[in-house]
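Structure first, commentary second.
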Amino acid sequence: MEHGAPKRDIDFVLSKIEERGFRAHPSIGVERTIIGVIGDNTRDSIPYFQQLPGVESVIPVLKPYKLASREAHPQTSQIRVGSAVIGTEAIAIAAGPCAVEDREQLLSTARLVKDCGAVMLRGGAYKPRTEAYAFQGLGKKGLEMLAEAREQTGLAVVTEVVDTRAVKEVAKYADMLQIGARSMQNFALLREAGASGHPVLLKRGLASTVDEWLSAAEYILAEGNPNVVLCERGIRTFETATRFTLDLSSVAVVRHHSHLPILVDPSHAAGNWRFVRSLALAAIAAGADGLLIEVHPEPARALVDGAQSLDPDNFRKLMSAARKVAKAVGRAL
Ligand code: PEP
Ligand code: MN
């Protein structure tokens, strides 16, 4: 309550708390009164209490998400994705081109990343492009190539879905649906992906808080789909030296508040292949459960995100350095 709020205001607030079926726990001081409110769905009443006379501020104690919280599930969840498992002692590496461009490009990249120790192949068939006339991906043909690459290598496949109407089709070909940064708050897409029961990789929105991100995960979980993995990919800040600012604090914060495993994507954060290795190593040291890395056989010829894609040689180097860091922090790779 406000400093010196009259008893009349305090009594009115107490009566409204009871009226709404909550329990009030007032702590009445000489100058200040603080009222604890306990009950189900108290969050919905925050705006109501906020506007009552004498109320200074309403501070939610509980998080806006339940199923995603560590309270709901003290152990970190282990999510099976095709032949891979994310959230174990082992660091899971998903790697591949930004976009599926052609069969040879995809298959050669798949063989390379498998050979280097990746357990998942990434590659976009539907690309969420900022520019309307930019290459939008090969669509169904791309999905077919991803499925072929899985058959040839045994790698699990993760690919983005941008449209609610395509969820079923993408789920037919891929082991995991990626919901991209630009779609993180597409609630219809989150619900549809949840209803599919398919594993979902939920990337952090480029201007979203950790609470908003976990609330987005809650939409998927609330559909009865427990197979959610988060992916930090950098956020917008004032800094322009990198494409986005990789927020590695989110790894520690997510670990603390949630049981969902978390991958880090240093490629989209950096926007420049030169910075990818150090960000990737830092992510493992910070406690990430895995990495999502863009790799292209010839980055200079890539149709999308060539500047941040590692060539085969640099990917190999990254993996050998990552192994050492993983070992140093008690993880396997
Ligand atoms: C991607 O992974 O290719 C992608 C588009 O990433 P983001 O949604 O994080 O920008
Ligand atoms: Mn990309």
Side-chain angles (χ1 to χ4, degrees), residues 81 92-101 105-106 109 113 118 120-132 134-139 142-143 146 156-163 166 170 174-186 189-190 193 199-208 210 212-213 216-217 228-237 242-248 250-251 254 262-273 275-276 279-280 283 288 290-311 315:
V81 183
I93 307 291
C98 180
V100 179
E101 296 170 3
Q105 170 243 19
L106 186 69
T109 311
V113 302
M120 292 179 68
L121 174 66
R122 62 144 290 144
Y126 295 99
K127 294 304 302 174
R129 303 306 302 281
T130 300
E131 291 167 15
F135 174 61
Q136 306 281 317
L138 296 181
L143 295 177
L146 285 164
V157 162
V158 56
T159 194
E160 180 157 357
V161 58
V162 292
D163 189 321
V170 176
D175 300 295
M176 184 176 225
L177 307 171
Q178 176 171 321
I179 295 189
R182 289 154 194 83
S183 301
M184 190 205 84
Q185 283 187 318
N186 180 339
L189 186 60
L190 296 171
V200 178
L201 183 65
L202 180 64
K203 298 192 87 174
R204 180 179 183 180
L206 45 102
S208 295
V210 171
E212 287 162 346
W213 186 17
V228 179
V229 176
L230 302 165
C231 180
E232 167 64 55
R233 45 79 70 211
I235 50 175
R236 275 267 153 85
T237 67
T242 47
R243 189 177 177 189
F244 296 93
T245 297
L246 183 61
D247 178 19
L248 281 182
S250 81
V251 175
V254 161
I262 179 168
L263 304 186
V264 168
D265 169 357
S267 304
H268 288 87
N272 181 333
W273 66 270
F275 309 140
V276 169
L279 298 183
L291 301 171
L292 186 75
I293 308 272
E294 286 189 341
V295 181
H296 195 284
E298 260 185 291
R301 301 176 85 95
L303 295 180
V304 191
D305 286 348
Q308 68 199 32
S309 298
L310 297 183
D311 64 18
F315 181 64

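In each ligand, atom 1 is the first atom listed, and ligand 1 is the first ligand listed.
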Smallest separation among heavy atoms of [X] and [Y], with atom names:
X: A280; Y: I293; value: CB-CD1, 4.3 Å
X: A207; Y: E212; value: O-OE1, 4.1 Å
X: V100; Y: G123; value: CG2-C, 4.0 Å

Within the 4.0 Å heavy-atom shell around [X], which atoms of ligand 1 are there?
X: E294; answer: 3 (O)
X: A181; answer: 7 (P), 8 (O), 9 (O)
X: G180; answer: 8 (O)

Considering heavy atoms of the protein only, find what lies nearest to [atom] and give residue, atom and distance to 0.1 Å.
atom: atom 4 (C) of ligand 1; result: H268 NE2, 3.4 Å
atom: atom 6 (O) of ligand 1; result: K203 NZ, 2.9 Å
atom: atom 5 (C) of ligand 1; result: E160 OE1, 3.8 Å
atom: atom 9 (O) of ligand 1; result: R233 NE, 2.6 Å
atom: atom 2 (O) of ligand 1; result: R122 NH1, 2.7 Å

Taking the Mn ion (ligand 2) as the apex, OD2 on D305 and SG on C98 give an angle, to 10°, of 100°
What does the angle at the Mn ion (ligand 2) come to, between atom NE2 of H268 and atom OE2 of E294, rounded to 10°? 90°
Going by heavy-atom distance to atom 10 (O) of ligand 1, choose the closest among R182, Q178, K127. R182
Sidechain N-carboxylate O distance under 4.0 Å for R122, E160: no
Going from CD on E232 to CG on L263, what distance comes out if it is rounded to the nearest 0.5 angstrom? 11.0 Å
For the backbone of L138 and the side chain of Q136, can you confirm whether one donor and one acceptor N or O come within less than 3.5 Å of each other? no
Any side-chain donor-acceptor pair under 3.5 Å between D305 and H268? yes
Show, in sequence, the C-alpha distance, side-chain angles and deciding distance for L206 and R233, and conclude whether the side-chain contact (heavy atoms from CB on, under 4.5 Å) test is met. CA-CA 8 Å; L206 45 102; R233 45 79 70 211; 3.6 Å; yes
Is there any N or O on D305 that sits under 3.5 Å from an N or O of ligand 1? no
